[in-house]
Amino acid sequence: MALIVHKYGGTSMGSTERIRNVAKRVAKWVRAGHQMVVVPSAMSGETNRLLGLAKELAPSQASAAYGRELDMLAATGEQASSALLALALQAEGVEAVSYAGWQVQVLTDSSYTKARIEHIDDKRVRADLDAGKVVVITGFQGVDDAGNITTLGRGGSDTSAVAVAAALKAAECLIYTDVDGVYTTDPRVEPDARRLKTVSFEEMLEMASLGSKVLQIRSVEFAGKYKVPLRVLSSFTPWDIDIQEEASSGTLITFEEDENMEQAVVSGIAFNRDEAKISVLGVPDKPGIAYQILGAVADANIEVDVIIQNLSKNGMTDFSFTVHRNDYNKTIDLLNGKVLPELGASTVEGDAKICKVSIVGIGMRSHVGVASKMFRVLSEEGINIQMISTSEIKTSVVIDEKYMELAVRALHKAFDLDQNAA
Ligand code: ASP
Ligand code: MG
């Protein structure tokens with residue numbers, strides 16, 4: 001007998017039929033003798049629907065008063081799905097009770113729409129588990145210390161589930177979703193992508209931050225901090241498949257490099273079309289220019305990703321960086337309006353049609369020539385690299401958006417990630 005946390009995403013909770021399936025699956029785990037906590041997302045489309053209603057009535061604003069009401073509203077999606085699941089469990093003959101975040105409590109800070117979990121009180125949940133009940137806890141939401149309902153950012157139910165698992169010291173947190181695990185790359189771009197049986201926590205963290213949408217990045221950070229055993233698996237297998245088979249399916253996120261780990265140098269290819277490139281040209285090269293440019297950008301609350309500064313020529317240099325596409329126009333305006341005249345730089349140029357393609361693998365630590373192989377593969381495809389950034393376990397390049405799929409497929413093949421290569 002173990003304490004297990006299951007998380008079900010919006011698609012898995014998408015209709016009463018699917019909720020019934022979730023209930024049957026959870027009931028199977030209960031009959032196998034486990035103590036179960038279940039964290040569902042809102043039914044698919046519901047969060048978008050609710051936020052759409054808000055937008056119709058009031059233009060979005062950065063104020064706390066606006067954020068507070070958005071959270072009050074969006075949190076209802078998970079409250080509904082949690083109650084429905086508890087009802088479905090009861091209909092399966094399983095004792096179940098659902099709680100909203102404020103009832104548990106899942107305490108967060110007060111940053112509406114992107115709150116961070118600070119503490120989870122486990123008393124109420126433990127008492128119910130000890131009484132033999134399944135406890136359903138709303139994903140995505142919490143409460144601040146003034147009693148306001150908060151939400152954790154889109155996709156935040158993953159983080160709720162991992163945080164609940166950490167607080168309860170659960171034996172495992174299983175994230176049931178509409179894909180059957182973590183893949184070497186997005187199978188919609190490369191049909192030969194292969195499911196990874198295991199992936200290290202560090203690789204998962206890189207992949208999540210580089211654009212893989214399987215897990216909310218904060219959930220991976222949480223899992224790393226509290227060493228929560230985490231598995232991503234499909235909710236679309238028949239609910240009555242053998243429980244052992246189910247428990248070992250999908251992708252396990254591991255914390256140690258053991259001999260069972262897949263030994264590939266590169267484990268996955270991630271990509272991201274959400275960025276735009278901005279270049280400040282003809283900047284007088286003197287101390288403080290990076291700060292003058294990026295400081296102004298940071299003060300405007302704009303996140304910067306890849307950064308390069310060219311060598312200077314005749315005392316002048318060029319400076320380029322990427323931002324989220326949503327911040328593209330704002331950044332260009334900011335630079336033209338204020339920063340350019342102060343710097344004495346000549347022009348600002350931008351390109352929103354770029355993408356970032358990254359290779360990720362802890363094997364890169366101990367192998368040389370991995371990045372150069374990436375560059376060779378791209379050059380053989382005639383793809384021009386505009387920017388490069390590296391860390392210990394990843395290399396990213398910024399290229400023209402129109403070559404994204406070509407780049408992903410070529411790299412996937414060159415690093416032997418295809419299904420047949422393993
Ligand atoms: N329902 C929320 C969303 O759509 C949270 C989640 O599904 O994880 O973003
Ligand atoms: Mg999700």
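Every number for a ligand or one of its atoms is a count from 1 in the order of the listing. Small disclaimer: the values here were computed from a predicted structure and weren't measured.
- Look at Q216 and you'll find every heavy atom at least 4.0 Å from all atoms of ligand 1.
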(message) If you apply the rule salt bridge (Lys or Arg N to Asp or Glu O under 4.0 Å), what do you find for K28 with E246, and how did you get there?
(response) CA-CA 11 Å; K28 175 181 74 181; E246 182 175 324; 2.5 Å; yes
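- Counting heavy atoms from C-beta on, the side chains of M43 and R18 never come closer than 4.5 Å.
- Salt bridge K353/E275: absent, no basic N to carboxylate O contact under 4.0 Å.
- Any N or O atom pair closer than 3.5 Å counts here, and K7 shares no such pair with ligand 1.
- Separating the OG atom in S358 from the CE atom in M207 is a distance of 10.5 Å, to the nearest 0.5 Å.
- Between E221 and K225 no salt bridge is recorded (no basic side-chain N to carboxylate O distance below 4.0 Å).
- Residue S41 has at least one heavy-atom neighbour below 4.0 Å for each of these atoms of ligand 1: 6 (C), 7 (O), 8 (O).
- Listed by number with element, the atoms of ligand 1 under 4.0 angstrom from any heavy atom of R154 are 3 (C), 4 (O), 9 (O).
- Here E78 has side-chain heavy atoms under 4.0 Å from ligand 1, and that is the only part of it that gets that close.
- Contact check on E92 versus R20 returns no salt bridge, with no Lys/Arg side-chain nitrogen under 4.0 Å from an Asp/Glu carboxylate oxygen.
- The shortest heavy-atom distance from G139 to ligand 1 is not under 4.0 Å.
- Annotation: G155 places an N or O atom under 3.5 Å from an N or O atom of ligand 1; distance criterion only.
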